[in-house]
Amino acid sequence: MELPVSKPFVRPTAAAAAEGAAVALTCTVREGTEPLSFSWQHQEPRGGPSVPPVGLGGSRAELQLTPANRSHTGWYICTVSNEVNNRSSDPVYLDIVYGPDEPAIRVEPFSPEQGGFSAGEREDVVLSCLAPSNPPSRYVWLHNGSQVHVGQTYVITAIARAQAGTYTCLAENSHLQTRTQATIVLTVYYPPAGSPSCSALASDDQRDVALRCRWLGGFPLARLRWVGPQEEEEEEEEEGLTGTSFSMATRIQSGAHTRNGAAPSCLASHPALPLGAACGTTLWVPWGGPSCAAAATKGDEYVMLRCRWEGGTPLVTLRWRDKPLSAAPGSSDDPVNVTITVTATP
């Protein structure tokens, strides 16, 4: 008389094993007439369909997992059959312990640069770390080597320039007593204080105008560039005269070719200022002309010459020039006439 198969049961060599170890599951029955046929089913930890463990010798009473890897984690069911019937075991859970893998750090907002990441001062920055591990990793954050947070996600609210530097994520598997780490460099950008300043000075013996733009400080340094009215800017770009400088920008332009009332601007750009900044100056000659006068001093011994013409950008420069007139013959003691010449820039 042939006996039906009794309910099988599964016995693993270990309920939990480290990844890379040799693990075996044995399926046994108390009763059942031979020949017996064995088959195995594997189900992932979070559910899903039960599938045969491909390539693992799933048609024998012993299922070899050598070496075991994380994909072997889950539920195992053994089914035994003979010519009378077939029976399946209760699911048995096999836990494969592994990790942590090398952490991957994500930065939001995502602003990569050479060698690391960047953020603008006062911006909220979120650092998150992922290091696959079983059991799940314990995460610790270090800033420049000092612990600042415990947890997978580290939120830095309104980041300050002092918070720039290296950020290290430590991931630890408490079961295996193993750890891994990854480090990034975070740069914090901040603009110079205040706003750029523009000025105009006469240069090259009052023949040219020197436009100067300054905006010191910040990290990185601000980029400065002089531009003029649209038609002038297009000409300068064609001639290659328009350039970019850091912190200070100077442009020399011919006074003879500068119209009265021209208003060049200095444009400033900085990573922490999406809209940038600007300053400008208007080049102008004051109304009218110089006002000059002469007066005798010290009992008519000396002549004091006075000349005024205020205003202008750059400021008007006044000069006195002597121009003796030719004296009549024999009149060398006659007074010398003085002609007053005024040079104005621009």
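Here the structure is a predicted model, which means the values were calculated and not measured. Along the sequence shown, residues are numbered consecutively beginning with 1.
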K.L.:
Do Thr79 side-chain atoms and Ser88 backbone N/O form a donor-acceptor pair below 3.5 Å?
P.N.:
no
K.L.:
Taking all heavy atoms of Gly217 and all of Pro192, pick out the closest pair and write down the distance.
P.N.:
O-CG, 3.3 Å
K.L.:
One thing to verify: whether Asp90 and Arg11 come together as a salt bridge, which I'm taking to mean a side-chain N less than 4.0 angstrom from a carboxylate O.
P.N.:
no
K.L.:
Would the number of heavy atoms belonging to other residues, nucleotides or ligands and lying under 6.0 Å from CZ of Arg214 be above 12?
P.N.:
no
K.L.:
For the pair Trp284 (side chain) and Ala263 (backbone), establish whether a donor and an acceptor sit closer than 3.5 Å, ignoring hydrogens and angles.
P.N.:
no
K.L.:
Taking all non-hydrogen atoms of both residues, which atom of Gln152 and which atom of Trp141 are closest, and how far apart?
P.N.:
O-NE1, 3.6 Å
K.L.:
With heavy-atom distances below 4.5 Å as the criterion, would you say the side chains of Val84 and Leu3 are in contact?
P.N.:
no
K.L.:
Glu172 vs Val140, test: side chain to side chain contact (heavy atoms under 4.5 Å, CB included). Steps then yes/no.
P.N.:
CA-CA 8 Å; Glu172 181 180 17; Val140 176; 6.0 Å; no
K.L.:
So does Tyr98 get a backbone contact from the side chain of His175, meaning a donor-acceptor N/O pair under 3.5 Å?
P.N.:
no
K.L.:
So, do Leu127 and Ile156 sit near enough that their side-chain heavy atoms are less than 4.5 Å apart?
P.N.:
yes
K.L.:
Between Ser128 and Thr153, is there a donor-acceptor pair closer than 3.5 Å when you use the side chain of the first and the backbone of the second?
P.N.:
no
K.L.:
Classify the ring geometry of His149 against Tyr154: parallel below 30°, tilted from 30° to 60°, perpendicular beyond 60°.
P.N.:
parallel
K.L.:
Hey, what do you get for OG (Ser174) to CZ (Arg138), rounding to the nearest 0.5 Å?
P.N.:
9.0 Å
K.L.:
List the atom of Pro8, the atom of Cys78, and the distance in Å for their closest heavy-atom pair.
P.N.:
CG-O, 3.7 Å
K.L.:
Do side-chain atoms of Asn85 reach the backbone of Val5 as a donor and acceptor pair under 3.5 angstrom?
P.N.:
yes
K.L.:
Which value, rounded to the nearest 0.5 Å, describes the distance between Ile252 atom CD1 and Leu211 atom CG?
P.N.:
7.5 Å
K.L.:
Nearest 0.5 angstrom please: Glu62 CD to Phe38 CZ, how far?
P.N.:
11.0 Å
K.L.:
Can you check whether Val285 reaches Trp309 side chain to side chain, under 4.5 Å on heavy atoms?
P.N.:
yes
K.L.:
Enter the distance from Leu186:CG to Ser111:OG here, rounded to the nearest 0.5 Å.
P.N.:
9.5 Å
K.L.:
Ignoring hydrogens, what is the shortest heavy-atom contact between Val97 and Pro135? Give both atom names and the distance.
P.N.:
CG1-CD, 3.9 Å
K.L.:
Does atom CD of Glu44 have more than 12 heavy-atom neighbours, drawn from other residues, nucleotides or ligands, at distances under 6.0 Å?
P.N.:
no
K.L.:
Looking at side-chain heavy atoms only, is the closest gap between Thr183 and Tyr167 below 4.5 Å?
P.N.:
no
K.L.:
Should Val125 and Val107 count as side-chain neighbours, where that means a heavy-atom distance under 4.5 Å?
P.N.:
yes
K.L.:
Does His143 use its side chain to pair, donor to acceptor, with the backbone of Ala164 at less than 3.5 Å?
P.N.:
yes
K.L.:
Is there a side-chain contact between Lys7 and Arg30 in this structure, where contact means two heavy atoms from C-beta onward sitting under 4.5 Å apart?
P.N.:
no
K.L.:
Check whether any side-chain N or O of Ser118 sits under 3.5 Å from a backbone N or O of Thr187 as a donor-acceptor pair, and report yes or no.
P.N.:
no
K.L.:
Rounded to the nearest 0.5 Å, what separates atom CD1 in Ile105 from atom CD in Gln181?
P.N.:
9.5 Å
K.L.:
Given disulfide (SG to SG under 2.5 Å), test Cys129 with Cys169 step by step and report yes or no.
P.N.:
CA-CA 7 Å; Cys129 185; Cys169 170; 2.0 Å; yes
K.L.:
Do the side chain of Trp40 and the main chain of Tyr76 share a donor and acceptor less than 3.5 angstrom apart?
P.N.:
no
K.L.:
Should Leu267 and Leu221 be counted in the same cluster of Ile, Leu, Val, Met, Phe, Trp and Tyr side chains packed under 4.5 Å apart?
P.N.:
no
K.L.:
Working to the nearest 0.5 Å, report the span between SG of Cys266 and CZ of Arg212.
P.N.:
13.5 Å
K.L.:
Assess the side chains of Thr258 and Gln253: does a donor N or O sit below 3.5 Å from an acceptor N or O?
P.N.:
yes
K.L.:
Kindly indicate, with the supporting measurements, whether the criterion side chain to side chain contact (heavy atoms under 4.5 Å, CB included) is fulfilled by Thr73 and Tyr93.
P.N.:
CA-CA 8 Å; Thr73 300; Tyr93 191 79; 3.3 Å; yes
K.L.:
Which atom pair, heavy atoms only, marks the closest approach of Gly99 to Leu176?
P.N.:
O-CD1, 3.7 Å
K.L.:
Does the pair Leu224 and Trp215 meet the rule for a side chain to side chain contact (heavy atoms under 4.5 Å, CB included), with working shown?
P.N.:
CA-CA 8 Å; Leu224 305 177; Trp215 202 17; 4.3 Å; yes
K.L.:
Please check this pair: side chain of His72 against backbone of Asn69, looking for a donor-acceptor N/O pair closer than 3.5 Å.
P.N.:
yes
K.L.:
Side chains of Asn134 and Asp95: closer than 4.5 Å at any heavy-atom pair?
P.N.:
yes
K.L.:
Under 3.5 Å, is there a donor on one side chain and an acceptor on the other for Glu113 and Tyr189?
P.N.:
yes
K.L.:
Between the side chains of Ser133 and Asn173, is a donor N or O closer than 3.5 angstrom to an acceptor N or O?
P.N.:
yes
K.L.:
With a 4.5 Å heavy-atom cut-off, do Trp320 and Leu305 have their side chains touching?
P.N.:
yes
K.L.:
Decide, yes or no, whether a salt bridge links Arg251 with Asp208 under the criterion of side-chain N to carboxylate O below 4.0 Å.
P.N.:
no
K.L.:
Taking all heavy atoms of Pro196 and all of Cys279, pick out the closest pair and write down the distance.
P.N.:
O-CB, 3.4 Å
K.L.:
Given 3.5 Å as the limit, does a donor-acceptor pair link the side chain of Ser39 with the main chain of Val80, or not?
P.N.:
no
K.L.:
I would like to know whether Thr26 and Val10 meet side chain to side chain contact (heavy atoms under 4.5 Å, CB included); could you show each step before the answer?
P.N.:
CA-CA 6 Å; Thr26 304; Val10 175; over 6 Å; no
K.L.:
For the pair Cys198 and Cys213, evaluate disulfide (SG to SG under 2.5 Å) and give the outcome as yes or no after the intermediate values.
P.N.:
CA-CA 5 Å; Cys198 294; Cys213 181; 4.2 Å; no
